[in-house]
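This report refers to the structure that appears directly beneath it.
Only heavy atoms go into these numbers, but all of them, side chains included; no hydrogens, no water, no symmetry mates. Note that the structure is a prediction, hence the values are computed from the model and not measured.
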Amino acid sequence: MQKQLEIMRKFFDKYFFIAFSGYFLFAAVFAIVAKLTSEIKYLVKLDVIILNSIINLRFGSLNKALNIFTDLGDTKLMIFLTIAAVALLFLKKHYIYSIGIALSIGIAEFISFILKNVVSRHRPPEFINLVHESTASFPSGHTIAAISFYGFLIYFFYKKIKNKIWRNVLILICGIIILLAGFARIYLGAHWPSHVMASIILGGV
């Protein structure tokens with residue numbers, strides 16, 4: 001127990017709180033920029049062009065496949081996976097990583113909730129939606145959750161798995177999940193492309 005407390009003490013040092021405060025400052029500036037640029041005509045037009053190009057790719061089996069990938073960023077599933085990951089990492093004595101992944105997804109979900117209410121961007125028209133959401137469009141909560149969770153796993157696999165083949169395979173799988181989770185939100189008509197791209201940046205940071 002003493003060793004665990006010492007590890008936690010070292011983790012929550014001044015550099016952690018500097019980074020923690022810096023991220024929230026970054027998110028605040030990000031929200032202001034998003035709000036100010038939300039009605040710029042050429043950005044809106046570019047969103048429409050890209051979205052139309054992507055939804056023209058739709059067909060039955062791909063619709064079903066991407067519905068699966070969009071579910072990988074669902075809040076309920078993220079909560080379950082995070083609890084499972086925290087417990088497993090803790091049992092394996094990866095204490096710092098268990099704290100880290102909990103903070104990563106927890107902060108991501110919190111920031112996503114705040115920005116949705118502050119920026120309050122509308123989603124694409126309902127007639128093109130293959131999934132129906134009641135919350136605001138910006139940012140994409142699914143995308144932020146996916147990159148925060150699976151992105152953290154990429155970091156963990158890179159640091160802790162010695163076997164290069166397994167490490168690269170697991171990193172590749174997580175990378176594909178992140179990319180497809182973001183792409184699926186556009187493809188299914190749930191978000192504008194710029195919102196997904198912004199969410200990748202926000203979640204990545």
Side-chain angles (χ1 to χ4, degrees), residues 11-55 69-70 72-79 82 99-126 128-129 131-152 154-155 175 177-205:
F11 182 84
F12 292 105
D13 63 6
K14 64 179 181 179
Y15 298 106
F16 169 82
F17 289 103
I18 290 171
F20 188 80
S21 302
Y23 180 73
F24 276 92
L25 178 61
F26 169 80
V29 173
F30 205 84
I32 294 169
V33 172
K35 191 75 172 178
L36 293 176
T37 60
S38 63
E39 302 302 327
I40 295 178
K41 290 184 179 180
Y42 76 88
L43 289 179
V44 174
K45 186 176 181 180
L46 184 60
D47 259 342
V48 172
I49 292 171
I50 296 173
L51 180 61
N52 287 338
S53 298
I54 292 175
I55 64 176
F69 277 100
T70 196
L72 292 176
D74 180 72
T75 300
K76 292 179 181 178
L77 180 61
M78 282 292 97
I79 292 172
T82 301
I99 297 170
I101 198 166
L103 285 172
S104 181
I105 193 66
I107 292 171
E109 292 287 354
F110 176 74
I111 287 294
S112 177
F113 174 78
I114 295 297
L115 294 190
K116 277 184 182 292
N117 288 280
V118 171
V119 179
S120 191
R121 284 294 309 279
H122 62 84
R123 291 180 184 268
E126 285 192 14
I128 67 169
N129 293 351
V131 292
H132 299 285
E133 307 282 359
S134 59
T135 57
S137 178
F138 182 90
S140 167
H142 285 69
T143 305
I144 288 181
I147 195 169
S148 299
F149 182 80
Y150 300 105
F152 192 94
I154 287 174
Y155 176 73
I177 290 173
I178 291 169
L179 292 175
L180 287 180
F183 178 78
R185 300 307 286 169
I186 303 170
Y187 179 92
L188 298 172
H191 293 281
W192 298 103
S194 63
H195 296 180
V196 171
M197 290 302 299
S199 300
I200 290 173
I201 295 170
L202 191 61
V205 172

Find the distance between [atom1] ([X]) and [atom2] ([Y]) and round it off to the nearest 0.5 Å.
{"X": "Ile177", "Y": "Leu180", "atom1": "CD1", "atom2": "CG", "result": "8.5 Å"}
{"X": "Ile186", "Y": "Ser53", "atom1": "CD1", "atom2": "OG", "result": "11.0 Å"}
{"X": "Ser140", "Y": "His191", "atom1": "OG", "atom2": "NE2", "result": "3.5 Å"}
{"X": "Ile55", "Y": "Leu188", "atom1": "CD1", "atom2": "CG", "result": "11.0 Å"}

How close do [X] and [Y] get, heavy atom to heavy atom, and via which atoms?
{"X": "Ala145", "Y": "Ile105", "result": "O-CD1, 3.5 Å"}
{"X": "Ala27", "Y": "Ile111", "result": "CB-CD1, 3.8 Å"}
{"X": "Asp47", "Y": "Ser194", "result": "OD2-OG, 2.6 Å"}
{"X": "Ile147", "Y": "Ser199", "result": "CG2-O, 4.4 Å"}
{"X": "Arg123", "Y": "Ala190", "result": "NH1-O, 2.7 Å"}

Exceeds 12 heavy-atom contacts within 6.0 angstrom, atom CZ of Phe183: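 Yes, because the 6.0 Å sphere around CZ of Phe183 holds more than 12 heavy atoms from other groups.
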Under the side chain to side chain contact (heavy atoms under 4.5 Å, CB included) test, residues paired with Phe152 that sit two or more places apart: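 Here the qualifying residues are Tyr97, Ile101, Ser104.
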Counterpart residues, side chain to side chain contact (heavy atoms under 4.5 Å, CB included), relative to Ile50 (two or more places apart):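 In terms of side chain to side chain contact (heavy atoms under 4.5 Å, CB included), with neighbours along the sequence ignored, Ile50 is linked to Leu46, Ile54, Pro193.
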Under a 4.5 Å cut-off applied to non-hydrogen side-chain atoms, are [X] and [Y] in contact?
{"X": "Ile99", "Y": "Phe16", "value": "no"}
{"X": "Ile178", "Y": "Phe149", "value": "no"}
{"X": "Trp192", "Y": "Val44", "value": "no"}
{"X": "Leu51", "Y": "Pro124", "value": "yes"}

Residues that [X] engages under ring pair (Phe, Tyr, Trp, His ring centres under 6.0 Å), provided they are two or more places apart:
{"X": "Phe113", "result": "none"}
{"X": "Phe138", "result": "His195"}
{"X": "Phe110", "result": "none"}

Inter- and intrachain pairs under side-chain hydrogen bond (donor to acceptor under 3.5 Å, both in side chains), touching residues 105-116, at least two apart: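 Not a single pair qualifies under side-chain hydrogen bond (donor to acceptor under 3.5 Å, both in side chains).
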